[in-house]
Amino acid sequence: MMATFEAKVPDQSLGPLFSSIADLFTQAEHALYVDRYVRGRPEKECKREYLGRFRLTARQFNAVAVHLRAKVDAARAAQKLHIAQLQGAIAAAEKSVKKADRDLAKLGRQAARRRAAGKSGVHDAETAERKRRLRFRIHHKERRLAALRQRLAAVEADRSARRVRLCFGGKRMFHAQFHLQENGYASLAEWRQEFQRARSSQFLCLGSKDETAGNQSCTRMPDGKLRLRVPPALEDRYGIHVEIPGIVFPYGQAVIDAALLRG
């Protein structure tokens, strides 16, 4: 069973520490994405390099890798859903084109019968307009079909190659740079600052059942404080550990305390 509980850190002076850790973890995550999922390097090989390159503990690297893996798994699930959606849209467009083709052929047969009966002038203008509309509809449906098939082929090629495309910070915010005013930005610099903040807005402290209090990177102490393990890259500024007092979970505190008592 898994549960999620949320609490706010009352000491706002810790903001720079959290931002520094998030920035460092994000840099490592972006580099790991390129190495693992673009270049195909083994994770163990990356780990040996990253511990020195980004100056992380082994557990902190594992947290970065797990965080990234979750994003990749979610992207692969979305990729599968996208393929199904495209296939459905293609099937619907093909059905619409076939129906329009049948309607166009039916109008042609009706016009032919009227000409054979000597009544060709009665509905000619109306028939010609209906044919024009149908041809226009078929033309645009076929253009849409071609675009959908092209997109489907690209997504299926990515899936076959196990290629995953991630946009850190989110596609919606990335595309906001092209319409700054409509999205509430006064300048490109303002958007860039917000986008960078979105790209490095969180970090994960990965735990394990065989670690002290379940997590050696962020440990709940007997007096209720959280002891945060600072990455080696930031020890000069913040020390090895930072203790965070006053953490109270509005919901789930009893569950957490019971789990700690059980070890």
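For reference, positions follow the sequence shown, starting with 1. None of these values were measured; they are calculated from a predicted model.
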Q: May I ask you to decide if the ring planes of Phe25 and Phe203 are parallel, tilted or perpendicular, using 30° and 60° as cut-offs?
A: perpendicular

Nearest atoms (heavy-atom pairs only) where [X] meets [Y]:
X      : Y      : answer
Ser201 : Ala198 : OG-O, 3.4 Å
Ser217 : Leu206 : OG-O, 4.4 Å
Tyr238 : Ser20  : OH-OG, 3.5 Å
Ala63  : Leu204 : CB-O, 3.2 Å
Pro231 : Ile21  : CD-CG1, 3.9 Å
Gly239 : Val230 : O-CB, 3.2 Å

Is [Y] reachable from [X] through a run of hydrophobic residues whose side-chain heavy atoms are each under 4.5 Å from the next?
X      : Y      : value
Met221 : Val9   : no
Val34  : Leu56  : yes
Val66  : Tyr37  : no
Val164 : Val155 : no

Kindly say whether [Y] contributes a backbone atom to a donor-acceptor pair with the side chain of [X] at under 3.5 angstrom?
X      : Y      : answer
Arg41  : Asp35  : no
Gln60  : Arg229 : yes
Arg76  : Lys80  : no
Trp191 : Ala186 : no
Glu211 : Gln216 : yes
Gln177 : Phe174 : yes

Identify all side-chain donor-acceptor contacts of residues 245-263 below 3.5 Å with residues at least two apart in sequence or on another chain.
| residue | atom | partner | partner atom | Å |
| --- | --- | --- | --- | --- |
| Gln253 | OE1 | Phe249 | N | 2.9 |
| Gln253 | NE2 | Asp257 | OD1 | 3.2 |

Pairwise side-chain contact, [X] with [Y], heavy-atom cut-off 4.5 Å (strictly under):
X      : Y      : result
Arg59  : Ser208 : yes
Thr57  : Pro232 : yes
Leu24  : Thr26  : no
Arg199 : His30  : yes
Leu104 : Lys131 : yes
Leu17  : Leu228 : yes
Leu166 : Leu68  : yes

Please set out all donor-acceptor pairs under 3.5 angstrom arising from side-chain atoms of residues 82-99, sequence neighbours excluded.
| residue | atom | partner | partner atom | Å |
| --- | --- | --- | --- | --- |
| Glu94 | OE2 | Arg149 | NH2 | 2.7 |
| Ser96 | OG | Arg137 | NH2 | 3.2 |
| Lys99 | NZ | Asp103 | OD2 | 3.1 |

Find the distance between [atom1] ([X]) and [atom2] ([Y]) and round it off to the nearest 0.5 Å.
X      : Y      : atom1 : atom2 : value
Phe61  : Glu49  : CZ    : CD    : 9.5 Å
Glu235 : Ile240 : CD    : CD1   : 5.0 Å
Asp101 : Lys141 : CG    : NZ    : 12.5 Å

(Q) side chain to side chain contact (heavy atoms under 4.5 Å, CB included), that's the test. Do Tyr50 and Val64 meet it? Break it down for me. (A) CA-CA 11 Å; Tyr50 280 43; Val64 170; over 6 Å; no

Q) According to the salt bridge (Lys or Arg N to Asp or Glu O under 4.0 Å) rule, which pairs have a member within residues 2-16, sequence neighbours left out? A) none

Q.
Give me each pair satisfying salt bridge (Lys or Arg N to Asp or Glu O under 4.0 Å) with a member in residues 184-198, each pair once, sequence neighbours excluded.
A. Glu194-Arg197

Q: Please say whether more than 12 non-hydrogen atoms of neighbouring residues, nucleotides or ligands are located less than 6.0 Å from CD in Gln181.
A: no

(Q) For Glu45, I'd like to know if atom CD has over 12 heavy atoms of other residues, nucleotides or ligands within 6.0 Å. (A) yes

Q | Intermediate values then yes/no, side chain to side chain contact (heavy atoms under 4.5 Å, CB included), Glu29 and Lys71 | A | CA-CA 11 Å; Glu29 184 182 41; Lys71 292 179 181 179; 3.2 Å; yes

Q: Please step through side chain to side chain contact (heavy atoms under 4.5 Å, CB included) for the pair Arg135 and His139, ending with a clear verdict.
A: CA-CA 6 Å; Arg135 290 191 184 104; His139 170 71; over 6 Å; no

**Q.** Verdict with supporting geometry, Arg227 and Glu243, salt bridge (Lys or Arg N to Asp or Glu O under 4.0 Å)
**A.** CA-CA 4 Å; Arg227 188 184 68 185; Glu243 290 193 349; over 6 Å; no

Q.
Determine whether the aromatic ring centres of residues Tyr33 and Phe168 are separated by less than 6.0 angstrom.
A. yes

Q: Go through the structure and list residues passing side chain to side chain contact (heavy atoms under 4.5 Å, CB included) with Arg36, not counting sequence neighbours.
A: Leu32, Glu43, Cys46

(Q) Quick test of your reading: applying side chain to side chain donor-acceptor pair (under 3.5 Å), list the pairs with at least one residue in residues 154-170, sequence neighbours left out, ordered by first then second residue. (A) Asp158-Arg163, Asp158-Arg165

